[in-house]
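Here the structure is laid out as structure tokens; the discussion comes afterwards.
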Amino acid sequence: MHRRHLFAAGIAAASLAQPLRAASPASQPAFVLVHGAWHGGWCWTRVAAQLRAAGHLVYTPTLTGLGERRHLLSPLVNLDTHIEDVVNLLEFEELENVVLVGHSYGGIVISGVADRARARLRQLVYLDALLLESGKSLFSDFPQEVVDQRLRTIRETGAGVGAAPALPPTAFGVKDAADAAWVQRRMTPQPVGTYLQPLRLKAALGNGLPKTYIECTMDPIATLEPTKARVRADPGWRTRTLATGHDAMVTAPGPLSDLLRELLRELPT
């Protein structure tokens with residue numbers, strides 16, 4: 001073999017022999033932002049951009065069957081699938097010291113993640129989110145008429161695989177016409193298994209991690225009221241408010257980004 005080729009081969013072999021280094025230091029706090037029903041990682045675009053501009057690591061996973069992963073929608077997708085989506089992200093990116101944020105339905109997901117991967121987390125932030133007790137499903141605390149209506153809609157228009165069609169953006173407090181059109185184009189059906197499968201926790205909700213509830217105070221959603229009442233009555237929660245609608249990451253990305261950074265600073269290192 002020509003000497004030049006031998007030299008190039010040696011360099012390549014040496015580089016392969018070097019241990020892979022993590023793309024980011026494990027000790028550096030990272031934000032992992034988990035979306036709610038019908039949404040995807042896309043909904044965090046504005047918040048993620050502001051957090052990254054401030055020097056933070058940010059991950060915005062899209063849960064299986066939703067957003068750009070809608071081609072994976074199937075009757076097999078359930079709550080456990082989505083919990084594992086986030087647990088696997090933490091493990092394969094080798095993340096530690098994570099601020100885990102869950103919006104709406106994503107609150108149920110991050111509760112499950114905290115139960116399975118506590119050692120990788122620093123704190124939990126529930127953004128206008130749902131909370132479930134262990135053994136309950138998302139439908140457990142919904143009024144029966146709401147459950148009946150949603151199941152009827154799923155049977156009639158369930159995308160052939162048992163999925164709930166998205167609500168209009170106005171249902172999430174998105175009133176600006178351009179924002180509403182942006183959200184509407186991207187929302188996808190929600191797998192029905194995520195409504196029906198109970199959350200199973202081995203530890204108390206939050207697994208001993210610091211937890212904050214951010215309440216969006218404009219156009220409140222009735223199905224969130226039992227959760228909010230539970231949080232208000234529990235001194236173990238930090239609470240904050242944002243004067244915006246449910247989809248705060250769309251309607252108030254600046255104030256939300258600032259609040260997330262503030263929550264990170266408040267915790268001891």
Side-chain angles (χ1 to χ4, degrees), residues 23-24 29-54 56-74 77-95 98-114 117 120-121 124-130 138 159 163-167 169 171-174 178-191 193-194 214 216 244-254 256-257 259-261 264:
S24 59
F31 288 95
V32 174
L33 312 177
V34 181
H35 63 82
W38 303 298
H39 289 56
W42 56 265
C43 72
W44 298 103
T45 297
R46 298 168 181 175
V47 172
Q50 295 198 31
L51 291 175
R52 288 171 181 145
H56 296 287
L57 298 170
V58 185
Y59 296 81
T60 60
T62 292
L63 303 175
T64 299
L66 292 155
E68 75 277 10
R69 305 182 70 205
R70 63 184 176 181
H71 59 290
L72 300 176
L73 179 64
S74 86
V77 176
N78 56 26
L79 177 58
D80 276 344
T81 310
H82 288 170
I83 293 170
E84 286 302 312
D85 283 338
V86 181
V87 170
N88 286 339
L89 170 71
L90 299 177
E91 292 182 354
F92 279 80
E93 295 291 342
E94 298 184 347
L95 299 179
V98 168
V99 179
L100 185 59
V101 182
H103 174 244
S104 196
Y105 157 76
I108 304 172
V109 176
I110 70 169
S111 294
V113 174
R120 294 188 178 275
L121 305 178
L124 303 175
V125 179
Y126 291 80
L127 174 60
D128 221 40
L130 284 158
L138 192 151
L167 299 176
F172 307 110
V174 182
D179 284 346
W182 183 75
V183 171
Q184 185 67 56
R185 289 195 302 271
R186 288 162 173 79
M187 288 196 297
T188 52
Q190 179 76 11
T194 62
I214 301 174
C216 299
T244 190
H246 183 61
D247 266 11
M249 71 290 293
V250 176
T251 58
L256 176 56
S257 302
L259 181 52
L260 292 176
R261 294 177 63 205
L264 177 60

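The heavy-atom pair separating L127 from C216 by the smallest distance is CD1-SG, 4.1 Å. Between P189 and L66 the shortest heavy-atom distance is O-CD2, 3.2 Å. The minimum heavy-atom distance between C43 and V250, with the atom names listed, is O-CG2, 4.2 Å. Nearest heavy-atom pair across L89 and P61 is CD2-CG, 3.8 Å. Between P29 and L264, the shortest heavy-atom contact is CB-CD1, 4.1 Å. Smallest separation of non-hydrogen atoms from G254 and Q50: CA-OE1, 3.5 Å.
Here R261 contributes atom CZ and F31 contributes atom CZ; the two are 8.0 Å apart, rounded to the nearest 0.5 Å. With values rounded to the nearest 0.5 angstrom, D85 atom CG is found 3.5 Å from T64 atom OG1. Summarising the geometry, atom CG belonging to L95 is positioned 4.5 Å from atom OH belonging to Y59; distances are rounded to the nearest 0.5 Å. Between the CD1 atom in I214 and the CG atom in L259 there is a gap of 4.0 Å [rounded to 0.5 Å]. Within the model, atoms CG of N88 and OG1 of T81 stand 11.0 Å from one another, a figure rounded to the nearest 0.5 Å. Atoms CG and OG1, on L79 and T194 in that order, are 7.5 Å from each other to the nearest 0.5 Å.
With sequence neighbours excluded, the residues satisfying side chain to side chain donor-acceptor pair (under 3.5 Å) with R46 are D179. By the side chain to side chain donor-acceptor pair (under 3.5 Å) test, E84 pairs with R116, sequence neighbours left out. For the ring pair (Phe, Tyr, Trp, His ring centres under 6.0 Å) test, residues two or more places apart in sequence or in another chain that qualify with W38 are F172. Shown here are the side chain to side chain donor-acceptor pair (under 3.5 Å) partners of T62, two or more places apart in sequence or in another chain: E68. In this view, D247 and H39 satisfy the side chain to side chain donor-acceptor pair (under 3.5 Å) rule, not counting sequence neighbours.
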Run the numbers on V58 and W44 for side-chain contact (heavy atoms from CB on, under 4.5 Å), then give the verdict.
CA-CA 10 Å; V58 185; W44 298 103; over 6 Å; no
Between V32 and V113, is the side-chain contact (heavy atoms from CB on, under 4.5 Å) condition met? List the steps.
CA-CA 11 Å; V32 174; V113 174; over 6 Å; no
Where do V77 and L72 land on the side-chain contact (heavy atoms from CB on, under 4.5 Å) test, with the steps shown first?
CA-CA 8 Å; V77 176; L72 300 176; 5.8 Å; no
Evaluate the side-chain hydrogen bond (donor to acceptor under 3.5 Å, both in side chains) criterion for residues T244 and T251: first the C-alpha distance (whole Å), next the side-chain angles of each, then the deciding distance (0.1 Å), finally the verdict.
CA-CA 7 Å; T244 190; T251 58; 2.6 Å; yes
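Residues L260 and H56 are not in side-chain contact: their nearest non-hydrogen atoms beyond the backbone lie 4.5 Å or more apart. Residues V125 and V99 meet the side-chain proximity criterion, which asks for heavy atoms closer than 4.5 Å.
Within the 3.5 Å criterion, the main-chain N or O of L63 finds a donor-acceptor partner in the side chain of H35. Side-chain atoms of T188 come within 3.5 Å of backbone N or O of G67 as a donor-acceptor pair.
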Side-chain atoms of residues 102-112: list all donor-acceptor pairs with protein atoms under 3.5 Å, sequence neighbours left out, distances to 0.1 Å.
residue, atom, partner, partner atom, Å
H103, NE2, H246, O, 2.8
S104, OG, H246, NE2, 2.9
Y105, OH, H82, ND1, 2.8
S111, OG, G107, O, 3.0
S111, OG, Y126, OH, 2.8

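For R186, the CZ atom counts as densely surrounded, since its 6.0 Å shell holds more than 12 non-hydrogen atoms of other residues, nucleotides or ligands.
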